[in-house]
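Beneath this line is the structure, given in structure tokens, with notes to follow.
A quick note: this is a predicted structure, and the numbers were derived from the prediction, not measured. Lettering of chains follows the sequences in order, A, B, ..., and the numbering in each one begins at 1.
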Amino acid sequence: MVRASALKPSSKFFMRKHRKWPVSPYNTRWHQIFNQNQAFQSLKKSSPPPENQPHLLLPTLVYSFSTYNVDPTPEAYHFVLKTLTKTSQFDHIAPVLRRLETVEKFDTPEHIFAHLIGFYGRWNRTQDAIDLFYRILRFRCVPSAHSLNALLYVLCGSCEGLKLVPEILLRSHVMGIRLEESSFRILIDALCAIGKVGYAIDIMNCMMNNGYGLNVKICSLILSSMCEQKDSEGVDVMGFLGEMQKLGFCPGMMDYSNVIRFMVKQGRGLDALNVVIKMKGEGIKPDVICYTMVLHGVITEGDFKKADQVFDELLVLGLVPDVYTYNVYINGLCKQNKVESGLMMISSMEELGCKPNLITYNILLKALCNNGELRRARELMREMTLNGVGVNLQTHRIMLDGLFGKGDIEEACVFMEEMLDKVLVRFCSSFDEVIYGLCHRGLACKAMELLKKMIDKNVAPGAKAWEALLLSSGSEPSLEETTWTGLVEPMVALP
DNA sequence: GTAGGGTTAG
């Protein structure tokens, strides 16, 4: 057969001129569509405000189309349903669906159901969403993964919903729906989000058994979820990675940084270093973040020689260490008791245009305090303020622990009072130490004074402070009954 | 199309 469009313009003209039966201008498909459009426009124009008169929407639809003597279109129904969902008119949805199901003859487009299922989900009406899904066939609609996915999104939003998934999947099979990659993806996402990585792997395997190829994003997601497992004992990340690589997975920078972080968290710094070696072998240049994590891991393992090698290597590769890298490195120096070298790093960093931050200073302050060099610690604290780096609770705690550790209890008390006046703090175990120390030196009165101040400032004393005070109260005649009740009452109100 | 991911202490 020759299509009209394939004919020459002159022949088309000929056919129109010599048609055997003239076509009625009122009965064409074109005319019907025109009328339906007119009816739809009139529905849109005259539709009542859904907030006040939602019950009038459906009659308006029926009226608009009957005026133009045409059947209502799926778009008109979708318009009415969208209007109702926008204003959350749950009760008025059912009659519209009923008419759509029993009166209309057209095949209802699936997207109408996907939209409604999503709407029910957003309002936690899971059962409504499920019921509608089961009803889809009755609307002369062949459901696909589109509406199934809409329902899966709803179910994956809650633990109770997730439990219903197996039943829904079986039912979908009966309904003739073919699971798509996107459906598997939704399930895997949900399982990873609740930490059920084992099940997520099962689903991925099931997906590949269904003829789908390896999906890089799903692989990465499962790998990163494995790395985030709280109970990481026995989690074989490298084993999984190897298996996936055999199947053609090419891990990227983020995959490897997840693995490195996992190793370092487990205290396996040298394994993390091996990951970097593996990366280089695969032609991926690890970035400064990977190196910083590995440096941290190696230092935690106490292998300072390796740490220096790692630091040199990153420089050779042309990577620019940033404040994180320097902090890790300086921390390593301090662990080796090379505080002077650490302090010198501050100047080198500044020369290289990398400003030391609060953490840099806290690391060095702690090292100085641990060495009993309180005077230099105070100097450094002044210096950091001058450099525009603010102190935090941790800074104060380091100083207080330093003063207390050096046995300078009087200084410690002064410092603690300063903290209570200046620093917003809810709890600080160092305060307990000071109170404990005072009690053990027979200075229970001073201890009591500080405790009162703590309670005034809404700072909760810990068990150690209370215990020390109770034990020393017997030998201290100055602690009267009223003092105790005065202390205990506000304590009850503490968080 | 890109970003994401890393540091003290408790």
Cation-pi between A:K306 and A:F304: NZ/CZ under 6.0 Å from ring centre and within 45° of the ring axis? no
Select base, sugar-phosphate, or nothing to describe what A:D322 touches, counting heavy atoms under 4.0 Å on all strands.
base
Taken to the nearest whole Å, OH/A:Y326 to P/B:dT7 is 18 Å
Here the distance between atom C1' of B:dT7 and atom NZ of A:K355, to the nearest Å, is 17 Å
Of all heavy-atom pairs linking A:C413 and A:L450, the shortest is SG-CD1, 3.9 Å
Considering only heavy side-chain atoms of A:K366, the closest of B:dT7, B:dG5, B:dA9 is B:dA9
Among the nucleotides B:dG5, B:dT8, B:dT7, whichever has the atom closest to the side chain of A:Q394 is B:dT8
Counting any heavy atom closer than 4.0 Å, what does A:T325 reach on the DNA or RNA strands: base, sugar-phosphate only, or nothing? base
Legend entry - Pair A:F119 + A:H115: ring centers closer than 6.0 Å: no
TODO: Check whether more than 12 heavy atoms from other residues, nucleotides or ligands sit under 6.0 Å from atom NE2 of A:H173, and answer yes or no.
DONE: no
When we call it a touch if two heavy atoms are under 4.0 Å apart, what does A:M254 touch: a base, just sugar-phosphate, or nothing?
base
**Message:** Does A:I363 reach a base, just sugar-phosphate, or nothing at all? Heavy atoms under 4.0 Å.
**Reply:** sugar-phosphate
Do the ring centers of A:H146 and A:F113 come within less than 6.0 Å of each other?
-> no
When rounded to whole Å, the NZ to P distance for the pair A:K265 and B:dG5 reads 11 Å
Rounded to whole Å, the CG-C1' distance (A:N357 to B:dA9) equals 14 Å
Whole-Å distance, A:N362 CG to B:dT7 P, equals 15 Å
Discussion item. So A:N331, base contact, sugar-phosphate only, or nothing? Heavy-atom distance under 4.0 Å.
Written reply: sugar-phosphate
Rounded to whole Å, CD1 of A:I260 lies from P of B:dT7 at a distance of 13 Å
A:Y291 OH to B:dT7 P, in whole Å, measures 18 Å
Atom CG of A:L393 and atom P of B:dA9 are separated, to the nearest Å, by 15 Å
